[in-house]
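Report on the following structure.
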Amino acid sequence: MSATTSVHDFTVVSNEPVAEGLMRIVLSSPELAASLEAGQFVNIHVPGDASQILRIPLSFSHADAQAGTVEIVYAVVGDGTRRLSAMAVGESSTAVGPCGNPWPLVEGARRACVVAGGVGVTPVVACARMLEHAGVAFDAVVGAQTAGKLWGAEVLQGLGAKTVAVTTDDGTAGRKGFTTDALSELLDSNTYDVVYTCGPEVMMAGVARLCREAGVSCRVSMERMMCCGFGACGTCNVAMADGTYKSCCKDGPVFDAEEVAW
Ligand SMILES: Cc1cc2nc3c(=O)[nH]c(=O)nc-3n(C[C@H](O)[C@H](O)[C@H](O)COP(=O)(O)OP(=O)(O)OC[C@H]3O[C@@H](n4cnc5c(N)ncnc54)[C@H](O)[C@@H]3O)c2cc1C
Ligand code: FES
């Protein structure tokens, strides 16, 4: 059962660029690190602007219970993430977590594929760690707009991915094209029990379609603008295929792709 969501203090251990527009921050927060499951997220208060009261929801790539640290790879896109990128080693703040539901391990699964687009790679790396730990063999597809923005392929290789297919929109690394092109080929030549994916919504819709056509179960990690992060404000609705809505923060962020109205 998931740990109770609560507010945790953290201190910045490191905060460095890993690719163009992408930073990797490591937080020291032992209780938080011990409570997180792959696929969940944390809601971070970034100090530096008293007018900005909203926290920033971020997935993590590694929650290391032994070291008491949480690693997050994030894109610098606006004011909050810019202030986060300026947090210095030793600086402190708070994070709410664990938030949301983890990636599920599909019962009896022996072979999986993980598909990451852009900064969606963060929870996908956490998923790969979960699969490695559970002894589920996996392949990986990692895509970015261009070589300079790519992160995670080597990490996924190091975690034991059998095949790591890299794609870039402009062909500057790996094959030129989209992650869905590479996944389509992998689905043709492999039998997967489940596919896990996070990235731009249009990409996840494509992954979901390919998996449906191949008869493979697919889990997606969705993103929405979030105000509270724990199911109280109703800002993060995700439309479901049956016409209802679910909250991304509390019911998600991980959904069965078949549930979602793409
Ligand atoms: C569950 C969850 C997990 C996430 N995990 C990660 C992660 O691991 N790494 C990462 O880089 N980002 C992640 N995000 C997205 C991250 O929360 C946003 O990039 C961040 O809140 C932007 O804040 P800002 O103040 O810098 O930008 P803002 O000034 O708030 O926005 C800048 C731009 O980003 C868009 N934006 C803001 N928030 C979101 C959002 N939640 N989803 C989509 N677009 C948004 C805005 O529309 C605007 O175009 C996650 C979001 C959610 C909901
Ligand atoms: S962010 Fe408030 S309900 Fe999801």
Side-chain angles (χ1 to χ4, degrees), residues 2-19 21-46 55-77 80-81 84-85 87 89 91-105 114-134 138 140 142 151-156 158-159 196-199 219-224 226 229-230 236 248-250 252-254:
S2 288
T4 310
T5 306
S6 54
V7 183
H8 300 267
D9 294 327
F10 71 78
T11 305
V12 176
V13 175
S14 64
N15 193 11
E16 291 166 345
V18 288
L22 282 191
M23 301 282 292
R24 172 182 172 272
I25 192 167
V26 177
L27 315 174
S28 174
S29 187
E31 264 190 32
L32 180 63
S35 68
L36 289 167
E37 292 180 56
Q40 293 183 304
F41 66 97
V42 296
N43 222 353
I44 291 187
H45 171 68
V46 186
R55 292 172 176 269
I56 297 190
L58 292 169
S59 303
F60 62 90
S61 42
H62 190 20
D64 186 336
Q66 269 192 335
T69 55
V70 181
E71 175 197 78
I72 297 165
V73 173
Y74 64 98
V76 180
V77 293
T81 45
L84 184 64
S85 70
M87 282 190 81
V89 172
E91 216 177 319
S92 296
S93 186
T94 60
V96 174
C99 299
N101 293 305
W103 296 112
L105 267 175
V114 298
V115 183
V119 77
V121 69
T122 303
V124 165
V125 165
C127 183
R129 284 184 203 284
M130 173 188 82
L131 295 172
E132 184 214 16
H133 191 69
F138 66 97
V142 188
W151 180 82
E154 284 163 18
V155 179
L156 289 161
L159 287 170
Y196 299 93
T197 186
C198 185
R219 305 302 154 116
V220 298
S221 180
M222 307 290 290
E223 259 193 35
R224 286 292 180 272
M226 291 183 179
F230 48 82
C236 67
C248 187
C249 66
K250 199 151 184 272
V254 176

Could you list the residues that satisfy side chain to side chain donor-acceptor pair (under 3.5 Å) with [X], not counting sequence neighbours?
X   : result
S93 : none
S14 : none
S61 : E71

Would you mind reporting whether [Y] and [X] have side-chain heavy atoms less than 4.5 Å apart?
X    : Y    : value
P104 : V254 : yes
L105 : L131 : yes
R129 : V155 : yes
V26  : R24  : yes
I44  : M87  : no

Taking all non-hydrogen atoms of both residues into account, name the closest pair between [X] and [Y] and its distance.
X    : Y    : value
A38  : M130 : CB-CB, 4.0 Å
M222 : C248 : O-SG, 3.3 Å
F230 : C249 : N-SG, 3.6 Å
P98  : L32  : N-CD1, 4.3 Å
P253 : G39  : CG-O, 3.6 Å
L159 : V125 : CD1-O, 3.9 Å

So, taking the atom named [atom1] in [X] and the one named [atom2] in [Y], what distance separates them when rounded to the nearest 0.5 Å?
X    : Y    : atom1 : atom2 : answer
Q40  : F60  : CD    : CZ    : 6.5 Å
N15  : L27  : CG    : CG    : 8.5 Å
L36  : D64  : CG    : CG    : 11.5 Å
F41  : L58  : CZ    : CG    : 9.5 Å
E31  : S6   : CD    : OG    : 6.5 Å
K250 : N101 : NZ    : CG    : 9.0 Å

Strictly distance-based, threshold 3.5 Å: is any side-chain N or O of [X] a donor or acceptor partner for the main-chain N or O of [Y]?
X    : Y    : answer
S92  : T11  : no
W103 : P123 : yes
Y74  : V119 : no
H8   : G97  : yes
R55  : N43  : yes

* Asked: Near E154 CD, under 6.0 Å, is it more than 12 heavy atoms from other residues, nucleotides or ligands?
  ->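 Open.
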* Apply side-chain contact (heavy atoms from CB on, under 4.5 Å) to the pair M23 and T81, showing each step before the final yes or no. => CA-CA 9 Å; M23 301 282 292; T81 45; over 6 Å; no
